[in-house]
Every structure is written in structure tokens, then in C-alpha cells.
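In what follows, a single structure is set out as C-alpha cells and then discussed.
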Amino acid sequence: MSVVETELEDGVAFVFLNRPEKKNAMNPALHFAMDETLDRLETDPAVRAVVISGRGGAFSAGQDLKEFFRDLEGDPAGQKKAQAAANSWRWHKLELFPKPTIAMVDGVCIGGAFTQMIACDFAVAAEDAMFALSEINWGQIPGGLVARVLTECLGYRDALDLALTGRKIDGIEAARLRLVNEAVPKGDLRTRVTELARTLAGKDPEAYRATKHAVRQVRAMPMRQAEDYLAAKIGELRMRAGASAQQTAIRRFVDDKSYRPAEGSYTEVKD
């Protein structure tokens with residue numbers, strides 16, 4: 001049985017962690033498979049958006065404590081390879097993935113699973129999903145990049161609350177804290193995520209990529225550095241997309257009056 005399964009539905013790739021008997025706890029084999037899967041989806045022209053989820057009614061119970069930690073004791077080379085793959089797909093690749101990404105959170109999302117959820121552009125959870133950073137309860141800190149990425153979407157006090165208490169929260173509270181974008185009834189989860197994915201997939205792909213990079217990268221920059229970076233990013237976008245994209249959008253708005261930028265993408269309107 002493959003530890004990762006992919007379903008392609010009208011340009012949206014649903015990627016499922018597939019260890020349901022372990023609540024999709026992540027072992028080295030899963031990390032290697034996910035790293036390869038994201039490489040493949042990034043360059044597949046049939047894929048316009050990616051959804052990360054888990055089989056069996058669980059997003060992920062975090063790292064597999066036995067296979068990721070105990071079984072690699074005394075194997076520094078194995079530990080290094082597994083950790084590199086874990087950080088590669090869960091943050092380094094997902095953070096700046098050139099296509100839209102959505103975390104579809106059902107069931108449990110614990111510990112290390114926060115990394116890939118936060119790395120995605122959007123996160124939608126079932127109202128009864130369960131989130132917890134339980135490391136404090138077994139004498140550890142949130143591992144990998146979790147303690148850092150937690151501060152990407154939560155305020156300081158809320159980040160400390162979850163990390164220091166280890167308490168559980170449901171999807172509704174996760175949405176209130178802005179850990180996820182929204183929470184919906186469990187039965188509506190895939191429908192809502194599919195709707196969002198198709199909306200994002202309809203955006204100009206080069207503009208989407210550049211906008212994601214811009215927003216993510218400038219947060220830690222001083223103002224003048226951000227100004228220079230954003231100017232360079234605009235130049236890169238024009239080089240990659242050509243001038244015709246912007247010209248077409250302006251013509252359809254100003255001359256044709258066939259669309260309004262605040263109501264949808266120019267790509268949704270045909271000449």
C-alpha cells in the first residue's frame with residue numbers, strides 16, 4: 001500500500017497521507033514519498049492546484065515516534081536524510097510552491113502536522129477537527145519547524161497558549177484564532193475545499209505565484225528592502241508572463257468592460 005495517494009479532479013490534485021491505521025503519523029517513507037510527489041505535481045501541466053489531506057478521517061497525528069525517532073537512534077545518516085525530507089516537503093517546498101495549496105483538515109492535526117498545514121496558502125477544517133501541540137506533555141518542545149511556523153499565523157499569546165498548555169482545540173476555535181481560514185461541517189469539507197481550489201486555479205498562474213512569494217517574503221524585511229524586493233518581483237513577473245497578460249486585463253476592464261477586478265479574474269472572461 002502506498003503511503004501517499006493522489007487523486008486528480010478537474011485540475012485539482014488531492015494528495016492524501018495514507019497511513020490511516022496510524023492516523024497518518026509521518027514516517028521516513030512518507031516524507032520521501034511526499035517530497036517526490038510535490039516535485040511531480042509542480043511540473044505537471046494538468047495540475048492547477050494542490051490539496052493536502054489524509055486518509056481515514058485524520059489529517060495527521062504528527063511524526064511517527066517509533067519509526068521517525070526510536071528506529072533511527074544510532075543511525076545519524078538515516079536521521080539526517082529523514083529530517084531533510086520532512087522539512088523539505090512540509091516547509092521549503094510548500095511555502096513557495098508555485099501553485100495554489102490548501103490544507104484540508106479532518107480529524108486530528110497534531111504536533112509536526114502543523115508545519116504542512118501552516119505552509120499551505122489556505123487551510124480549511126472540519127468543525128470537529130482536533131488540533132494539539134502535545135509535545136509539552138511528554139517533555140519536549142514542538143519539533144522541527146513548528147515553534148517557528150506557529151508564529152506565522154498566530155499571535156504571540158495564542159502561540160504560547162497552544163505550545164505551553166498542550167491543550168486541544170476544535171476546528172471552530174482554530175478558525176477563531178486564525179490557525180485555519182475557516183471551519184465547516186464535516187460533511188461539507190471536501191465540497192468547500194474543491195470550490196476554493198477551483199477559484200484559486202482560475203487565477204493567472206504567474207500572478208498567483210509572484211503574489212504568494214511577495215507576501216510571504218516581505219514580512220520579515222525592513223521597509224526599504226521590501227520596496228526593492230517588490231519592484232524586482234514585478235519585473236520578474238513581467239519577464240515570465242510577458243506584457244500581454246497585464247495589457248489583456250486592462251483592455252477587458254477599461255475598454256471592453258467585460259469584468260471587474262474586485263469580482264473575479266480577467267482569465268475568466270474570454271474575448
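It should be emphasised that the depicted structure is a prediction, and the values quoted were computed from it without experimental measurement. Worth knowing before you read on, the calculation uses all heavy atoms, side chains too, and leaves out hydrogens, waters and symmetry mates.
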Quiz prompt | Shortest non-hydrogen separation from Gly171 to Phe131 and the atoms involved | solution = CA-CE1, 3.8 Å
Quiz prompt | Under 3.5 Å donor-acceptor, Asp158 side chain and Leu177 backbone | solution = no
Quiz prompt | Which atom of Ala197 lies closest to which atom of Val51, heavy atoms considered | solution = CB-CG2, 4.4 Å
Exercise. Look at the side chain of Lys186 and the backbone N and O of Gly107, then say whether any donor-acceptor pair between them is shorter than 3.5 Å.
Key: no
Quiz item: At what distance, to the nearest 0.5 angstrom, does CG of Leu17 lie from NZ of Lys22?
Solution: 15.5 Å
Quiz item: Do Thr194 and Thr191 touch side chain to side chain, with heavy atoms closer than 4.5 Å?
Solution: no
Quiz item: Would you say Arg90 and Glu95 make side-chain contact, with heavy atoms under 4.5 Å?
Solution: no
Exercise. Identify whether the distance between the nearest side-chain nitrogen and carboxylate oxygen of Arg176 and Glu127 falls below 4.0 Å.
Key: no
Self-check item: N/O donor-acceptor pair under 3.5 Å between Arg19 side chain and Ala25 backbone
Solution: yes
Practice problem: State, yes or no, whether a side-chain contact exists between Trp91 and Val149 at a heavy-atom distance under 4.5 Å. | Solution: yes
Quiz prompt | Shortest non-hydrogen contact from Cys153 toward Leu179 | solution = SG-CD1, 3.8 Å
Self-check item: Side chain proximity check, Ile102 to Leu196, heavy atoms < 4.5 angstrom
Solution: yes
Practice problem: Find out whether Ile110 and Met130 are in side-chain contact, i.e. whether some heavy atom of one side chain is under 4.5 Å from a heavy atom of the other. | Solution: yes
Quiz item: Are the charged groups of Glu206 and Arg238 less than 4.0 angstrom apart, N to O?
Solution: no
Quiz prompt | Flag side-chain contact, heavy atom, 4.5 Å: Val3 against Phe32 | solution = no
Self-check item: Minimum heavy-atom distance Leu96-Arg216, with the two atoms named
Solution: CD2-CD, 4.1 Å
Quiz prompt | Backbone of Pro98 reached by a side-chain donor or acceptor of Lys212 within 3.5 Å | solution = no
Practice problem: Begin from the C-alpha positions of Leu150 and Leu133 and carry the test side chain to side chain contact (heavy atoms under 4.5 Å, CB included) through to its verdict. | Solution: CA-CA 10 Å; Leu150 193 63; Leu133 291 177; 3.6 Å; yes
Quiz item: On the ring face of Phe97, is Arg209 found with NZ or CZ under 6.0 Å from the centre and within 45° of the axis?
Solution: no
Quiz item: Counting only N and O atoms by type, is there a donor-acceptor contact under 3.5 Å from the side chain of Thr6 to the main-chain atoms of Val15?
Solution: no
Quiz item: Under a 4.0 Å N-O cut-off, is there an ion pair linking Arg190 with Glu195?
Solution: no
Practice problem: Kindly determine whether Ile141 and Glu135 satisfy side chain to side chain contact (heavy atoms under 4.5 Å, CB included), including the steps that lead there. | Solution: CA-CA 6 Å; Ile141 69 169; Glu135 287 86 346; 5.8 Å; no
Quiz prompt | Closest contact, heavy atoms only, Tyr208 versus Thr101 | solution = OH-N, 4.4 Å
Quiz item: Less than 4.0 Å between a side-chain N and a carboxylate O, is that true for Asp39 and Lys93?
Solution: yes
Exercise. Spell out, as yes or no, whether a donor-acceptor pair under 3.5 Å connects the side chain of Asp64 to the backbone of Met26.
Key: no
Practice problem: Evaluate the side chain to side chain contact (heavy atoms under 4.5 Å, CB included) criterion for residues Phe14 and Ile52: first the C-alpha distance (whole Å), next the side-chain angles of each, then the deciding distance (0.1 Å), finally the verdict. | Solution: CA-CA 6 Å; Phe14 287 83; Ile52 307 293; over 6 Å; no
Quiz item: Is there a side-chain contact between Ser60 and Gln116 (heavy atoms, below 4.5 Å)?
Solution: yes
Quiz item: Does one side chain, of Thr43 or Arg40, offer a donor that lies under 3.5 Å from an acceptor on the other?
Solution: no
Quiz prompt | Side-chain heavy atoms of Asn24 within contact of Phe59, under 4.5 Å | solution = no
Quiz item: What closest approach, in Å, do Ala126 and Asp106 show between heavy atoms, and which atom pair accounts for it?
Solution: CB-OD1, 4.0 Å
Quiz item: So does Lys233 have more than 12 non-hydrogen atoms from other groups sitting under 6.0 Å from NZ?
Solution: yes
Quiz item: What do the steps show when you test Met104 against Val124 for side chain to side chain contact (heavy atoms under 4.5 Å, CB included), and what is the final call?
Solution: CA-CA 5 Å; Met104 183 169 71; Val124 182; 6.0 Å; no
Self-check item: Between CZ on residue Phe16 and OG1 on residue Thr37, distance to nearest 0.5 Å
Solution: 13.0 Å
Quiz item: Got a sec: does the CD of Glu227 have more than 12 other heavy atoms crowding it under 6.0 Å?
Solution: no
Exercise. Classify the side-chain pair Gln63/His31 by whether it contains a donor and acceptor separated by less than 3.5 Å.
Key: yes
Quiz item: Ion pair present between Arg48 and Asp10, side-chain N to carboxylate O less than 4.0 angstrom?
Solution: no
